[in-house]
Number of protein chains: 2
Amino acid sequence: MRMDERKKRVLAAVVQDYILTGEPVGSRTIARRYNLGVSPATIRNEMADLEEMGLLEQPHTSAGRIPSDSGYRYYVDCLMAPEKLTPAEEEYVRRRYNQKMLEIEQVLEETARLLSEMTAYTAVALGPYQNNAVLEQVQVLPVYSTNKALLVAITSTGLVEHRLFVIPENVTPEDLSRISRVLNAKLQGLALEELRLEVLKDIYREVAEHRGLIKQVIDLLQQVLALESGEKVYLEGILNILSQPEFKNLEKVKDILAFLEREEALRRIFNAAPGSGLTVRIGQENKEEGIDKCSVVTISYAVEGRIRGKVGLLGPTRMHYSRAISVLQCVADSLSRALEQFYR
Amino acid sequence: MRMDERKKRVLAAVVQDYILTGEPVGSRTIARRYNLGVSPATIRNEMADLEEMGLLEQPHTSAGRIPSDSGYRYYVDCLMAPEKLTPAEEEYVRRRYNQKMLEIEQVLEETARLLSEMTAYTAVALGPYQNNAVLEQVQVLPVYSTNKALLVAITSTGLVEHRLFVIPENVTPEDLSRISRVLNAKLQGLALEELRLEVLKDIYREVAEHRGLIKQVIDLLQQVLALESGEKVYLEGILNILSQPEFKNLEKVKDILAFLEREEALRRIFNAAPGSGLTVRIGQENKEEGIDKCSVVTISYAVEGRIRGKVGLLGPTRMHYSRAISVLQCVADSLSRALEQFYR
DNA sequence: TTTAGCACTCTTAAGCCAAGAGTGCTAAGA
DNA sequence: TCTTAGCACTCTTGGCTTAAGAGTGCTAAA
């Protein structure tokens, strides 16, 4: 069976109408609403063909057709018209990023919120990636009235992490400040994976005492800056899932929420997309449990040409793809620009 | 109508059975399962009385009875037998707190997780309160390759906050370190509300230049340590709500989730309880929107006799109160002890 | 190749009925 | 006076039937 022009128009009509209404769409509806210039009977024939090709399916004999995963796939790849955001919306996005946001965490959280608000889907922001990150700054501060110290680390990706830890009795604030100086001198510019034994030895040469303490600090550093700790997941608009008519069934909602609660699964889904650019994964194409009735649209954001993380949307397969993609592109673009400025 | 001994036993039986099964309970069931030594007919009379007293209600004529909010209230206040946790469970809780947890955020997050896991309800941990907190330590660190600096503040409650901010071109790392010294000398031990103009003037007297910068730092400090920023909300086990048979109705679930998404509302509910100790709020007693079919049990945790925050559980009014309370008490106790050690 | 016409299928909502659960009332018994 | 057996009554639930409605697929004619 070949895909001719009219079949495409029928498929597009079915997908669009179904996305709009959520009801299976029949031949009569299409004939009436989309003037293809042919009768319902002709459209019926085309729909039967499209079903045989696996692009449409019927919930039951006497219902209209709904797109299959492949149907959506074809629509997204070949038929969908890109939908421009209105200037007002673009302006709105720009304004949201013009607020003073100095911490990258804040920027990403705000991004997820913006996305979910503009699309009424569940939004995710992920990042920043810590591969290629190097240590910018390390500091060990005394916490005066306790037996603790605070380790603060800043990476080149703008991530700030800290951790309190117990120090031995005999360590003075001066010791800590000296250790900070040495650590900074030795570690600055090092990639996280380079925090190895050699470095430790090198540092030992500088500082005679407090070896245990230094070892402890380096261990903590590795812990705190472990790769996955950088890829934080910001999730917004969970409630939106419940508003989708296809998820009236409590069981499905449960599956999806269970998925969203498993942060590693979320990370996997979002990082599965190869490299940069826009990815649309539809229904069964999502290999994680619980979201085989969902579509996930992701796009990466970058700073200075290097991918720093992902943002994306999760909704039903009956997703308003063109809208979702436009919003995502606009937001990712503004986000990249905001971060560009952030990293200077 | 007076409450006699037998009425109490019948009410207790109804509540217990309903909590157990989730089904309206009839007179026959009670006669069979709880041997009160009287016939179903007698129990029927008692139940009619209890209904008239407003403690029980009937979903419809031919169904059994279910407890009303007042019924639960009476049960919780007067009838409920405290339920001890098994030694194994107490040991389990203790073990969970024996892990190395050095950041208070981590401890509270873990607490919420533990609570939700042990009760299958939604769990909340809130804190630490920042009233009475004083500044422990302030530091401004240069971030070398950028035009930014990092402000780090530690309060006496163990809260660590940081914020990146842009500094003028002409500020050197030495300047920052000097500023840090002065800030520390002047601000240490000060309550957050005391960061006022006088302090600023006092500092200006020490440092001739960089007044703008110092002003900026103080402003940031106030922002970062604003009261509510301390009372973080840790939420776990949202999914548990969906498992409750009374929330099969999607609308109710939506209401509850909407409530849980509004952090201020959560804070209000948890802080509404006067002072310390255990609070049980049942159904309509909860004045926030969306949770009038839920019960909220809260308890405060304290360090050195001072309340530092709250933990609690949210479930259906058909909650296993004795279990919830026991778990909560045990966990709050362990939490307090863990923090005692944390603050040394 | 297109389309009008029509029989056919399947869902949905409504109505009805029988079964089951549980009640309230009454009258007899302790 | 309190308790309880007995019974009629009410209300929900599930199953069944029916009618309406939507939409299809097929056939035959244009």
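Predicted model only: the values in this text are computed from it and were never measured. Chain letters run A, B, ... following the sequence lines, proteins first and then strands; every chain starts at 1.
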- Task: Pull out every residue in residues 6-42 of chain A that has a heavy atom closer than 4.0 Å to any atom of DNA chain D, ordered by number, or say none.
- Result: G26(A), S27(A)

- Item | Terminal helix-axis angle for the helix from dT1(C)-dA30(D) to dA30(C)-dT1(D), with five pairs defining each axis and rounding to 10 degrees | 20°

- Task: Within residues 56-72 of chain B, find the residues that approach DNA chain D with a heavy atom at under 4.0 Å, and present them sorted by residue number.
- Result: H60(B), T61(B), S62(B)

- salt bridge (charged side-chain N to carboxylate O under 4.0 Å, His left out) contacts in which one or both residues fall within residues 311-328 of chain A, not counting sequence neighbours: E89(A)-R323(A), E246(A)-R318(A)

- S326(B) meets the side chain to side chain donor-acceptor pair (under 3.5 Å) criterion, sequence neighbours left out, with none

- Message: Using the side chain to side chain donor-acceptor pair (under 3.5 Å) criterion, which residues pair with R65(A)? Sequence neighbours excluded.
- Response: E51(A)

- Note on the structure: Residues passing the side chain to side chain contact (heavy atoms under 4.5 Å, CB included) test with E251(A), sequence neighbours excluded, are N249(A), K254(A)

- Sequence neighbours excluded, the answer for side chain to side chain contact (heavy atoms under 4.5 Å, CB included) partners of R2(B) is none

- Tell me, please, which residues at least two apart from R33(B) pass salt bridge (Lys or Arg N to Asp or Glu O under 4.0 Å). D17(B)

- Task: Please list all pairs passing the side chain to side chain donor-acceptor pair (under 3.5 Å) test where one or both residues lie in residues 115-124 of chain B, with sequence neighbours left out.
- Result: Y92(B)-E117(B), R96(B)-E117(B)

- Contacts of type side chain to side chain donor-acceptor pair (under 3.5 Å), residue N35(B), not counting sequence neighbours: none

- Listed partners of D333(B) passing side chain to side chain donor-acceptor pair (under 3.5 Å), at least two apart: R337(B)

